[in-house]
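Just so it is clear: chains get the letters A, B, ... in the order the sequence lines come, proteins before strands, and each one is counted from 1.
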There are 2 protein chains.
Amino acid sequence: MELSDRKKKILRAIVDQYIRTAEPVASKTIAQMPDMDFSSATIRNEMADLTSLGYLEQPHTSAGRVPSAAGYRLYVDELMQNYRLSVDETKSINQAMELKLQELDKVMSQVGKMVSKITNLPAYAIAARSGGLTVRRFDLILADKNSFILVVMLSDNSVKNKLIRLPVDVGDAELKLLAAALNAGVTDLTADRFTPELLARVQRSADGAAGLVPVIMDFVTGLLQDQQEEVFMTGQAKLLGHPEYHDLEKAQKVLSTLDEGVISGLPAALSSDSRTQILVGPENVSRELRDTSVVMTKFDIGDGMQGMIGVVGPTRMDYAQITARLSYFAENLGRMFQKNQTPALQGPGEHNDSPEDTDHE
Amino acid sequence: MELSDRKKKILRAIVDQYIRTAEPVASKTIAQMPDMDFSSATIRNEMADLTSLGYLEQPHTSAGRVPSAAGYRLYVDELMQNYRLSVDETKSINQAMELKLQELDKVMSQVGKMVSKITNLPAYAIAARSGGLTVRRFDLILADKNSFILVVMLSDNSVKNKLIRLPVDVGDAELKLLAAALNAGVTDLTADRFTPELLARVQRSADGAAGLVPVIMDFVTGLLQDQQEEVFMTGQAKLLGHPEYHDLEKAQKVLSTLDEGVISGLPAALSSDSRTQILVGPENVSRELRDTSVVMTKFDIGDGMQGMIGVVGPTRMDYAQITARLSYFAENLGRMFQKNQTPALQGPGEHNDSPEDTDHE
DNA sequence: TTTAGCACTCATTGCCCCCGAGTGCTAAAC
DNA sequence: GTTTAGCACTCGGGGGCAATGAGTGCTAAA
């Protein structure tokens, strides 16, 4: 059943007020608002209705009303007014965005910090690959008598490498042959296409250097399957500033789940259509986040990667404002990544590729 | 003035007790301990002395005593009994150490998590370079008609790379020449040795490809100067479990400074001689950490890198136990890195080198 | 030098009562 | 029929107050 316009108006006023004050809202408070042309008694009646419909809750008999999860949901879906960013706000966001861009991981960790600062809430940032990764080409560079560098260029334009040590000497000719075999046999295939037969075929054509194929393939498979994205979390302390977390037990529970990086709706949100998503209270799967909401926004990184930023806060957060800030930020980030085609935006880029030796026997 | 043995014994007992209970310690409590052969009155007299000497404090007249910062300092330096790890503890630490080892950054973030788990306190982990980095060798790989991959092997055995795009075509011969010029002129030099004269010399010998030298040198300089190490912080929520942070304001202050990764003694600790260091309360420079202590331990990563793990907790933390656990952990980490000679310990290692394109015009 | 004893201090706890914000309901007004 | 004024009722929060008891400091005796 659809709510009457008056009920909606009152519900909206209550949620707005509660977001502002974090105190149960009284009928009188609402009645006194500029464009409320009803007495407090009328409001009371409506509030009683809204309560029995499940949109409001009453901490105790003689207290005002507080929005329920359902109330917030309705508010977020229908009632919320679009928040317009002020010039100052856009300015300060733009300012914050002066990223020293480097490696993607570092960028995301920075982005998290900025989001947290902008919203005054704990924030997280992740970068996730969306499609299957393949190898574009292999190169082998002789480094020493008994070691060489494997350089792999991937379909996302990233370049990975590994130093491989050998128990015996290798010649340039063998490496050339091996490289040719790899480039012919293994490029443009996702990791799930690496069958034993394929491997055997490549080994055959690699001839003298056949023994090296498994080592290389292990490494490459690892690279391509490396989907595990890291969640960058910052600003947890900001939660404590909000009155709903003045209860220590609650604060601790929420903070520890955040610490573990558990945001339940995350994978779903990545594959969802809508850019921005809001999870209100109990819609969060993790029990501990019952009275905590999550707002998240996606953006494109390019190279088959998607980024996602989000904040975590009390159900009573200013959804309109937070959403506006988050979207603006995400849009700009997207644009930035677009323009630069790649996560490393301004030089000199830094590559924190880990050195990796492997003794091959 | 040196304290009498009895005073020391009493002070130790008080600190031990306070660490256990977090409650002011009464003279009677001490008197009842097994090997205290004095009456509570005697203890009281001694406590009065210790108080006027500044080692103890009294929250209010009719309360027991609490160790002061000076008291803790003395305890840590002289009184603390060595804590012996139980078999169970070493077992569980060993178990926790089953690292999926990957890129150094990821390893450190994992290490932080483990330390936090082991100590039940917020923990941080960092990896810092100790010496000056140099380039060991350059390789240039033609990727396309108009792009090539620059591969740089550094003195710490790590290999970095960058995809460079050109506005014009390049030939294999030019690249060979360029590589030779770079290898001859720029290897084994720290970034501060890169003078304009050097650059000019290299450009001269690079001949046709001279235009590329500045781009490459910019990138390399960036690599070598990249000292900024990231501080990995985890487990902040664990602080709230300790009674001294039940005061929200305090908790928030401490947590936010942690959030910002501000641990004051850190650089000093890295260059200090002793492996393990303890900063008690006010010895922390950041104001907010006044009644918070930090225990940290260094270990060697190899390749000219040093690692450091530490925990942050109430001044009333079990220094003996924490120190023991931390050192044990650090030792094993060191051994692990030693054995593997490199941060990437077991395959398939993952290289999160950021893709980086640069248009060169 | 140690200890027993005692007076004194003071944070904590529980209790009671009051206050006032806010409601729900009823009856009158529109 | 809907709105509103009025009023009784509920209940959480805060202030005041006394009792409690843990702990000390000091004195005087062992």
Side-chain angles (χ1 to χ4, degrees), chain A residues 3-11 13-18 20-68 71 243-244 246-248, chain B residues 3-11 13-18 20-68 71 243-244 246-248:
Chain A
L3 292 181
S4 74
D5 280 356
R6 192 170 73 184
K7 281 200 174 56
K8 284 187 185 171
K9 186 173 174 185
I10 291 174
L11 179 55
I14 292 173
V15 178
D16 280 340
Q17 176 69 14
Y18 186 65
R20 233 167 299 143
T21 63
E23 302 270 297
V25 181
S27 54
K28 207 173 132 199
T29 320
I30 299 297
Q32 279 165 355
M33 291 181 167
D35 64 338
M36 282 290 169
D37 306 320
F38 322 100
S39 75
S40 67
T42 311
I43 309 275
R44 270 204 293 286
N45 284 328
E46 295 287 44
M47 280 164 89
D49 283 1
L50 285 167
T51 305
S52 63
L53 288 170
Y55 293 112
L56 294 177
E57 277 165 2
Q58 208 168 10
H60 56 86
T61 344
S62 68
R65 298 304 208 289
V66 161
S68 70
E244 19 276 293
H246 284 6
D247 171 16
L248 264 168
Chain B
L3 291 182
S4 73
D5 281 355
R6 192 169 74 184
K7 281 202 174 55
K8 283 188 184 171
K9 186 174 175 185
I10 291 174
L11 179 55
I14 292 174
V15 178
D16 280 339
Q17 176 70 13
Y18 186 66
R20 235 168 295 143
T21 63
E23 301 270 295
V25 181
S27 55
K28 208 172 130 198
T29 320
I30 299 296
Q32 278 165 354
M33 291 183 166
D35 64 337
M36 281 292 169
D37 307 322
F38 323 100
S39 74
S40 66
T42 310
I43 309 275
R44 270 203 295 285
N45 284 327
E46 295 287 45
M47 281 163 88
D49 283 1
L50 286 167
T51 306
S52 63
L53 287 171
Y55 294 113
L56 293 178
E57 277 164 5
Q58 207 168 7
H60 56 88
T61 344
S62 69
R65 298 304 208 289
V66 161
S68 70
E244 19 274 293
H246 284 6
D247 172 15
L248 265 167

Separation of D:dA22 atom P from B:Gln58 atom CD, nearest Å, is 17 Å
B:Ile43 CD1 to D:dG25 P: how many Å, rounded?
-> 13 Å
Could you tell me which non-hydrogen atom of A:Pro67 sits nearest to which non-hydrogen atom of A:Leu56, and how far apart they are?
-> CA-CD2, 3.9 Å
Gap between atoms CE and C1', on B:Met47 and D:dA22 respectively (whole Å) | 13 Å
Is the number of heavy atoms from other residues, nucleotides or ligands within 6.0 Å of NZ (A:Lys9) greater than 12?
-> yes
Taking N and O atoms by type only, does the side chain of B:Ser62 place a donor or acceptor under 3.5 Å from a partner on the base of C:dT9?
-> yes
Reckon B:Arg6 has a side-chain N or O less than 4.0 Å from the OP1 or OP2 of C:dT2?
-> yes
Has the side chain of A:Arg44 got a donor or acceptor that lies under 3.5 Å from a partner of the other kind on the base of D:dG6?
-> yes
Do you know which two heavy atoms are closest between B:Ser39 and B:Ala31, and how far apart they sit?
-> C-CB, 4.0 Å
Does D:dA28 pair with anything, Watson-Crick or G-U wobble, both distances under 3.5 Å, and if so, with which nucleotide?
-> C:dT3
OP1, OP2 of D:dT24 versus side-chain N and O of B:Thr61: anything below 4.0 Å?
-> no
Residue that, paired with A:Val25, satisfies side-chain contact (heavy atoms from CB on, under 4.5 Å) out of A:Ile14, A:Ile43, A:Val66 = A:Ile14
Atom-pair distance (NZ on B:Lys28; C1' on C:dC6), nearest Å | 15 Å
Rounded to the nearest Å, what distance is computed from the CD atom of residue B:Glu46 to the C1' atom of nucleotide D:dT24?
-> 16 Å
D:dT4 phosphate, OP1 or OP2: any side-chain N/O from A:Ser39 under 4.0 angstrom?
-> yes
Would you mind pulling out the nucleotide paired to C:dC17, Watson-Crick or G-U wobble, both distances under 3.5 Å?
-> D:dG14
Taking all atoms of both residues into account, what is the closest heavy-atom pair of A:Arg6 and A:Phe38, and its distance?
-> CD-CZ, 3.3 Å
Find the distance A:His60:NE2 to D:dC11:C1' and express it as a whole number of Å.
-> 6 Å
Atom CD of A:Glu23 to atom P of D:dG13: distance rounded to whole Å?
-> 11 Å
Judged by nearest nucleotide, the residue sitting upstream toward the 5' end of DNA chain C, B:Pro59 or A:Asn45, is B:Pro59
